[in-house]
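A short worksheet on the structure shown next.
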Amino acid sequence: MKASKIAYKPVGLALGAVSGMLAGALFKQAWKVLGHDDDAPDATDEHRTWTEVLIAATLQGAIFAGVKAAVDRAGATTVRKVTGTWPG
């Protein structure tokens, strides 16, 4: 394993935590607008419809994946600018 990959591991873990918090906040705001409710439904919420549960889960997954990719890419680009090598 390259030294740059090993050195990037703690940075990647920290960025993962930040992206999770950011994605959670974005999803919460998106659901307030789209779902007209403060809380997104859980899969086992008997008072919510199948459609509502599946839309919430799909939206949450898309937001989390998009935010994670953006944060990971920005972190890798920053590491390359600082060190001259790509961490992946």
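Keep in mind that what you see is a predicted model, and the values were worked out from it rather than measured. Values reported hereafter were calculated over all heavy atoms of this structure, with side chains retained and with hydrogens, waters and symmetry mates removed. One is the number of the first residue; the rest follow in order along the sequence.
Contact record, Gly75 with Tyr8: C-OH, 3.8 Å, taken as the closest heavy-atom pair. Phe64 and Gly20 make their closest contact through CE2-O, 3.8 Å (heavy atoms, listed as atom of the first residue, atom of the second, distance). Taking all atoms of both residues into account, the shortest heavy-atom contact from Ala30 to Ile63 is CB-CD1, 4.0 Å. When all heavy atoms of Arg48 and Ala40 are compared, the closest pair comes out as NH1-C, 4.1 Å. Between Gly16 and Ser19 the shortest heavy-atom distance is O-OG, 2.9 Å.
A donor-acceptor pair under 3.5 Å links the side-chain atoms of Asp45 to the main chain of His47, judged by distance alone.
In the hydrophobic clustering of ILVMFWY residues, with side-chain heavy atoms under 4.5 Å counting as a link, Leu59 and Leu54 come out apart. Hydrophobic cluster membership is shared by Leu34 and Phe27, with clusters built from Ile, Leu, Val, Met, Phe, Trp and Tyr side chains linked at under 4.5 angstrom. Leu22 and Leu15 fall within the same hydrophobic cluster, where Ile, Leu, Val, Met, Phe, Trp and Tyr residues are linked whenever their side-chain heavy atoms come under 4.5 Å apart, directly or through other members.
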Next item on the list: Please assess Asp37 against Lys32 for the test side-chain contact (heavy atoms from CB on, under 4.5 Å), listing each intermediate value before the final yes or no.
Entry: CA-CA 5 Å; Asp37 196 359; Lys32 282 181 184 179; over 6 Å; no
Might you work through the side chain to side chain donor-acceptor pair (under 3.5 Å) test for Thr49 and Thr51, ending with a clear yes or no? CA-CA 5 Å; Thr49 66; Thr51 303; 4.7 Å; no
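For the side-chain contact (heavy atoms from CB on, under 4.5 Å) with Trp31, the qualifying choice from Ile55, Asp39, Leu26 is Ile55, the only one to do so.
The number of heavy-atom neighbours closer than 6.0 Å to NZ of Lys28, taken from other residues, nucleotides and ligands shown, is 12 or below.
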